[in-house]
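Heads up: the structure comes next, in structure tokens.
All chains are named by letter (A, B, ...) in the order of the sequence lines, taking the proteins before the strands, and each is independently numbered beginning at 1.
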Amino acid sequence: MQTEKKTVNQFEPKVIAFVCNWCTYTGADLAGTSRIKYQPNVKLIKLPCTGRIDPVFIIKAFEKGADGVLVSGCHPGDCHYNAGNYHARRRWIMFRKMLETMGIDSNRLHFSWVSASEGKKFTEVVNDLINKVRAAGPFKSYEKINKEYVIND
Amino acid sequence: MKIGYYPGCSLTGTAKEYDKSVRKTAEVLGIELIEIDDWNCCGATSAHITSHRLALSLSARNLLLASKQGLKEILAPCAACYSRLSLSAEELIKKPDAKKEIEELLGEEILEIPKIINLVQLYQRVGAEKMIEKKGTGNAKLKTACYYGCLLVRPSGLNSFDDSEEPQSMEKIVTICGAEPIDWNYKTECCGAAHSIARKDIVVDLSHKILTDAKTRKADIVITACPMCHTNLDMRQKDIKKKFDKHEKIPVLYLSEFVGLSMGLTKEELGIDLHFVPFESKTV
Amino acid sequence: MITEEIIRNTSQNPNICYQCGKCSAGCPIRNYMDDSPNKIIRYIQLGLYEKALNSDTIWLCAGCLTCSTRCPKEFDLAKFMDALREIALKEGIKVKEKNLLKFHKAFLNQIKKHGRAYELGLVREYKLATGDMMSDVDVAPAMFMKGKIGILPHNIKDRKGMKDIFEKTEVKIK
Amino acid sequence: MKVGVFICHCGENIGRTVDCPKVAEAAGKLPGVVHSVDYKYMCSDPGQNLIKQAIKEKELDAVVVGSCSPHMHEKTFRKAVEGAGINPFLCEIANIREHCSWVHENKDEGTDKSIDLIRYAVEKVKRNEPLTTIRVPITKRAMVIGGGISGIQASLDIANAGYEVVLVEKEPSIGGHMSQLSETFPTLDCSQCILTPRMVEVYQHPKIKLMSFSEVEKVEGFIGNFKVTVRKKARFVDDEKCTGCGDCIQNCPIKKKALSEFDENLTTRTAIYVPFPQAVPNIPVIDSEICTYFKNGKCSMCVKVCGRGAIDFEQKDKLIEEEVGAIIVATGFKLYSIEKKPEDSPIKGYGEYGYGKYKDVIDGLQFERIASASGPTEGEFLRPSDNTVPKKIVFIQCVGSRDEAKGFSYCSKICCMYTAKHAMLYKHKVHDGEAYVFYMDIRAGGKMYEEFVRRAIEEDDVKYIRGRVSKIYEENGKYMVKGEDTIAGVPVTIDADMVVLATAMIPQPESKKLAQTIGIPYDSYGFFNEVHPKLRPVESSTGGVFLAGACQSPRDIPESVSMASAAASKALVLFGSDFLEREPIVAKVNENICAGCFYCKKVCPYNAIEIKEIPSKNGKPVRVVAYVNEGLCQGCGTCNATCPSKSVELTGYTDAQIFAEISAI
Ligand SMILES: Cc1cc2nc3c(=O)[nH]c(=O)nc-3n(C[C@H](O)[C@H](O)[C@H](O)COP(=O)(O)OP(=O)(O)OC[C@H]3O[C@@H](n4cnc5c(N)ncnc54)[C@H](O)[C@@H]3O)c2cc1C
Ligand SMILES: Cc1cc2nc3c(=O)[nH]c(=O)nc-3n(C[C@H](O)[C@H](O)[C@H](O)COP(=O)(O)OP(=O)(O)OC[C@H]3O[C@@H](n4cnc5c(N)ncnc54)[C@H](O)[C@@H]3O)c2cc1C
Ligand code: SF4
Ligand code: SF4
Ligand code: SF4
Ligand code: SF4
Ligand code: SF4
Ligand code: SF4
Ligand code: SF4
Ligand code: SF4
């Protein structure tokens with residue numbers, strides 16, 4: 001799947017991806033070595049493990065202007081750190097609910113498992129999210145979040 | 001102690017003596033049996049093998065009537081009834097959707113699904129000591145083959161009152177009655193119950209094997225807690241003899257009759273005179 | 001289609017059966033059946049429904065639960081057999097063990113009429129249906145004399161309710 | 001902070017879709033960046049020199065390289081900056097090749113994205129702290145737990161490489177299950193004959209300290225630095241004095257009160273005993289449960305006959321501490337006893353096979369003892385009930401294995417083979433005997449295994465019947481085995497004289513407890529888990545703890561031995577250096593603000609978080625805070641994300657660093 005031809009001035013979303021070093025980051029590397037093309041709107045932030053991903057990061061990303069957020073790590077059971085992603089999963093379940101109550105459309109936040117060998121899947125996940133976010137339009141409510149949920153730098 | 005009572009069709013007909021002896025022994029043990037008002041046949045094998053919903057509804061109607069009578073526990077002395085009622089009760093508990101559907105069909109909600117117990121459980125409950133206390137003359141040293149048949153202890157998950165392969169609960173009861181239970185191989189083998197009329201040949205073969213093993217292991221008597229087993233093992237001995245020349249008769253008693261005898265009740269009181277193979281107790 | 005129906009009716013997946021044959025090995029009726037019980041499951045696994053539904057095995061199964069109790073995969077074969085019979089009836093498949101079915105029908109008819117089994121009615125109906133007038137002639141009088149077979153049926157009070165249940169749940173045999 | 005940025009063209013690889021000079025130019029304008037250049041091949045020597053030079057000339061504090069994936073060249077560039085005098089952790093890589101030039105076609109887009117990626121990296125590097133590689137000293141000494149063939153092999157390998165080994169065995173003798181076997185597939189060599197020399201070698205090895213009749217009680221520390229407490233159970237015989245003469249055993253009057261564990265209950269043993277004649281160490285143990293002296297203070301026969309005065313009724317358990325750098329766990333398996341269902345387990349029991357009820361229905365290990373030349377029948381095939389030669393034996397496979405209703409879902413892997421072996425051994429000795437095997441599938445995947453099974457069938461005429469047995473019952477002195485031949489589709493009943501059940505291999509009953517003591521994960525059955533089943537098959541997820549043999553899953557001897565050697569080599573790799581070097585990406589606790597809630601401790605997958613007491617000021621009672629054991633911490637950061645007060649932070653990935661990256665959007 002490739003970038004749809006863009007018309008001038010079309011809204012181009014910004015997507016931040018929080019990924020673990022061992023699986024998804026490496027999966028994205030593989031997409032690169034395999035030269036599988038995808039849309040450039042995504043920026044990866046590498047963390048050792050999805051267990052390190054604090055829900056605050058996600059809110060922060062929206063606050064700082066992201067229109068969509070991807071969180072991706074090793075498949076359950078494949079975690080480099082045994083159980084890190086298990087804890088992450090539990091946290092996300094809670095977090096998703098919280099986001100919904102804050103009025104963030106769940107289309108803007110995507111959790112997925114991408115292993116080091118799933119380069120193709122990585123590009124699909126990314127394209128899919130970017131398309132969804134593009135359809136949803138720019139994310140505007142961050143100001144509201146900013147007011148209601150003060151996050152310290 | 002009061003307990004609900006579901007005699008089932010056999011106990012009102014072919015197994016009259018079973019009904020008689022269950023009621024008699026219960027009376028001696030101080031248990032009041034409260035018959036479910038206007039109960040209907042559980043459908044036995046014929047219902048569940050042709051329509052699952054029919055089988056479930058027939059049982060459910062009885063459970064409904066019992067719950068309306070405020071009965072929390074039902075004694076079902078027939079192993080087949082016991083099996084049908086408890087399997088249905090389990091399904092109604094586990095599958096709320098099925099329960100709802102059946103309730104709509106019956107036009108009423110089953111508020112509390114009663115627990116189904118069999119005769120062995122009842123005697124277990126009353127306790128061994130009490131039985132000995134009530135004991136008149138014992139069936140001293142009678143070598144006894146306790147026959148569970150197929151439905152009393154199966155499936156293993158449901159009827160957790162005893163092991164489904166090596167059950168021992170009846171043995172414990174007859175031991176208390178002074179008898180000597182034998183170890184044998186056919187205590188949970190099926191007698192072919194449901195095929196008694198349409199495929200008599202099968203039932204005759206199966207019953208013959210069961211009785212032969214009991215005989216080889218020197219049993220004087222076979223004890224059962226199921227009217228279908230009893231019919232096949234007692235009434236069919238004539239047919240067995242016809243097919244297997246070597247067959248030697250062996251009396252088959254209901255557990256309740258056996259327990260009744262050791263309490264000092266008479267054969268007539270217990271209906272033992274209604275059997276096809278006569279029982280001449282050594283001690284009574 | 002049929003597999004789905006079976007799965008729905010029995011909450012069981014025939015694919016879990018690994019064809020070990022333990023069910024057949026312990027089945028008391030095995031020697032009288034054309035196909036071994038495990039073969040019936042195999043037919044369903046392969047989609048050979050005709051073969052399964054036409055086999056006399058499903059009718060000869062006595063529902064003794066020996067198989068279900070011992071199956072290493074906890075497959076409830078007895079329940080599975082129930083479901084197959086029900087489907088066979090609905091599909092109008094010719095039953096090989098005719099007398100068995102006739103017996104069950106006769107039995108159920110008594111219950112439909114009276115609410116409880118009525119031995120004399122059952123015997124009468126079964127004999128008429130099968131034409132087998134001779135079976136059990138020797139025990140019937142004895143039973144009668146012992147008072148084990150009554151002349152009159154045991155009618156329950158709510159016979160309309162009983163009829164209702166049957167009308168709504170009985171499988172109409174094609 | 002002065003940051004330098006270096007943009008790599010990677011020949012055409014980056015340059016084709018990213019305008020590198022433009023990226024360098026844009027990077028030069030980022031706050032904090034004082035130097036920015038692009039170059040054709042940054043990883044080449046001239047490229048690296050470019051960085052080193054700039055560091056010196058522009059007095060850079062930190063470096064960002066825009067190039068390939070950090071998985072490719074992070075190490076290269078860290079080394080380069082270190083060479084120029086900057087802490088290596090003040091170098092960040094922006095991945096503009098795999099994550100940009102190779103996956104985006106439009107040059108403008110690629111260029112824009114590269115600039116973004118550089119900006120993130122610059123923001124992050126500005127918040128990087130200088131870190132030092134963690135160096136942990138290594139105690140070059142290993143402990144092996146379990147003295148079966150796996151433990152023996154691992155001990156000998158390590159000891160022969162010149163390192164000390166402490167071998168801990170819970171039974172009075174080492175040898176494990178292999179010492180009970182008769183002959184072994186697929187070559188049919190005598191088990192004792194190949195095992196005994198190795199047991200002796202262990203005993204005599206100057207580098208091996210054998211602690212038999214001992215169990216591990218406590219494990220503290222971490223890779224390279226474990227402190228293990230071992231309980232040396234009281235044998236009531238002084239191992240220093242005892243010569244193993246056996247006089248005490250000969251004279252002990254208590255002969256029949258206990259069944260021999262070694263002979264799988266087929267024989268009895270005395271109150272003072274060695275499990276078997278070739279036991280290592282050959283020092284007896286007193287079973288205080290049945291010894292008359294322990295009952296009423298009488299007897300003391302053994303004391304009277306022992307010329308060495310070795311009997312010591314007063315002996316107590318001893319706790320001994322051992323310091324080791326690596327631990328190899330090789331505690332093996334047990335056979336599932338189907339006689340009674342284990343309590344606290346959902347298992348339903350196997351009443352239909354009559355095991356425990358019929359004397360001649362036995363399990364595989366009992367058959368091994370009967371077949372063994374040193375066994376109770378001296379290798380003659382005699383059945384336990386009446387010591388006659390069975391003329392018809394039925395073997396049943398998969399008993400309790402592949403059976404989720406009454407046993408376990410897994411395949412025990414070796415029983416197909418040992419059943420073929422059993423049938424063969426029997427046929428070789430009892431020529432007119434008949435052997436039947438009930439099986440579901442034949443799993444014979446090893447070298448010469450399939451050939452072995454075929455030989456049993458083709459040459460030794462063992463009858464294989466595909467189907468499970470439903471019931472075994474006794475009739476006229478025969479065991480009637482009721483099965484179904486699912487291939488022919490016919491029922492079969494065999495009137496056997498003896499039945500052998502190939503029961504499942506299960507973990508040692510105490511395996512979960514031991515796993516918790518050491519801190520290794522285990523599966524739902526209680527088998528120990530390796531980090532990766534394919535690529536790290538003998539390592540547990542706890543650094544420095546290795547696994548070998550049947551404690552991981554059912555295994556035969558060849559596999560157990562190979563894995564034991566593999567585990568030994570892993571320990572030796574560790575001993576190959578004096579220090580353990582690790583990336584300093586570990587969690588650190590800010591003790592001043594830690595509330596001591598220990599949520600972090602709960603989530604840490606490595607049990608790296610400990611409880612530390614610190615005296616608080618002004619003499620108030622001590623306060624407890626979290627403390628990260630750097631040896632154990634693997635740097636996953638889960639604690640960091642979990643801590644409600646942000647008192648624990650992962651170095652290299654602190655909140656500040658990540659927020660900076662996010663804010664760079
Ligand atoms: C019937 C049968 C026949 C077999 N035949 C063959 C064959 O012919 N060929 C073949 O290759 N394989 C055969 N095997 C398999 C073979 O027995 C195993 O592969 C082998 O024994 C595994 O060795 P191990 O050292 O891993 O475990 P084990 O032999 O079980 O040894 C484990 C040791 O650890 C000790 N231990 C346990 N827990 C602790 C603890 N907490 N602390 C200290 N010590 C502890 C035990 O006492 C034991 O000494 C057979 C197995 C069976 C059951
Ligand atoms: C279809 C298939 C699917 C498989 N799927 C799985 C799976 O899902 N999971 C799994 O665990 N295993 C799987 N395997 C097995 C797996 O491929 C092997 O276990 C593994 O590759 C063996 O590794 P090796 O290094 O021993 O041999 P190889 O992978 O064969 O490597 C041997 C190397 O030596 C080189 N070489 C050969 N001769 C010489 C020489 N004379 N001089 C120098 N170099 C030489 C070869 O070029 C080669 O690079 C699969 C195998 C096949 C065929
Ligand atoms: S016992 Fe169970 S698994 Fe085995 S063949 Fe029968 S149904 Fe299938
Ligand atoms: S339930 Fe049916 S198939 Fe199963 S063992 Fe009994 S008769 Fe055989
Ligand atoms: S540093 Fe990486 S991107 Fe640059 S030339 Fe080397 S391999 Fe290519
Ligand atoms: S008699 Fe003494 S020296 Fe000999 S084996 Fe016994 S304890 Fe050891
Ligand atoms: S004291 Fe105990 S061990 Fe010693 S000889 Fe007597 S019984 Fe045996
Ligand atoms: S190895 Fe063979 S006998 Fe053992 S469980 Fe597996 S298939 Fe069954
Ligand atoms: S979670 Fe934070 S506050 Fe709680 S103990 Fe751990 S470091 Fe301290
Ligand atoms: S970073 Fe991971 S391994 Fe280290 S202490 Fe925190 S949770 Fe444990």
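One finds the CG atom of Leu100(C) at 7.0 Å from the CD1 atom of Ile49(B) (value rounded to the nearest 0.5 Å). Distance check, rounded to the nearest 0.5 Å: NE2 of His104(C) to OG1 of Thr50(B) gives 8.0 Å. In this structure, the separation between CE on Met33(C) and CD1 on Ile202(B) is 8.0 Å, given to the nearest 0.5 Å. Rounding to the nearest 0.5 Å places OG1 of Thr12(B) at 6.0 Å from CD of Glu119(C). Note that CZ of Arg199(B) is 9.0 Å distant from CD1 of Ile29(C), once rounded to the nearest 0.5 Å. One finds the CZ atom of Phe103(C) at 5.0 Å from the CD1 atom of Ile197(B) (value rounded to the nearest 0.5 Å).
The contact between Asp273(B) and chain C is made entirely by backbone atoms, counting heavy-atom distances below 4.5 Å.
A cation-pi geometry, defined here as NZ or CZ lying under 6.0 Å from the six-membered ring centre and within 45° of its normal, holds between Arg116(C) and Trp39(B).
The side-chain heavy atoms of Leu56(B) and Thr169(C), taken from C-beta on, include no pair separated by under 4.5 Å. Taking the side chain as every heavy atom from C-beta outward, Leu65(C) and Cys150(B) never approach each other to under 4.5 Å. Between Arg61(B) and Ile156(C) the shortest side-chain heavy-atom distance falls below 4.5 Å. The closest side-chain heavy-atom distance from Cys9(B) to Tyr118(C) is not below 4.5 Å. Looking at heavy atoms from C-beta onward, Ile111(C) lies out of side-chain contact with Asn40(B) at the 4.5 angstrom threshold. Under the 4.5 Å side-chain criterion, counting only non-hydrogen atoms from C-beta, Phe166(C) is in contact with Leu58(B). When side chains are defined from C-beta on, Lys168(C) does not count as touching Leu54(B), because their heavy atoms never get closer than 4.5 Å.
With a 6.0 Å radius and a threshold of 12 heavy atoms from other residues, nucleotides or ligands, Lys243(B) has its NZ atom above the threshold.
Salt-bridge annotation for Arg70(C) and Glu165(B): present, with a side-chain N of the basic residue lying under 4.0 Å from a carboxylate O of the acidic one.
Checking each of Asn109(C), Leu108(C), Leu122(C) against Ser46(B) for a side chain to side chain contact (heavy atoms under 4.5 Å, CB included) leaves exactly one that passes, namely Leu108(C).
Put simply, the side chain of Asn99(C) never gets that close to the backbone of Ala198(B): no donor and acceptor are under 3.5 Å apart. With hydrogens and angles disregarded, a donor-acceptor distance shorter than 3.5 Å links the side chain of Glu86(C) to the backbone of His52(B).
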Practice prompt. Please assess Thr66(C) against Arg154(B) for the test side-chain hydrogen bond (donor to acceptor under 3.5 Å, both in side chains), listing each intermediate value before the final yes or no.
Written response: CA-CA 8 Å; Thr66(C) 308; Arg154(B) 285 188 193 132; 3.0 Å; yes
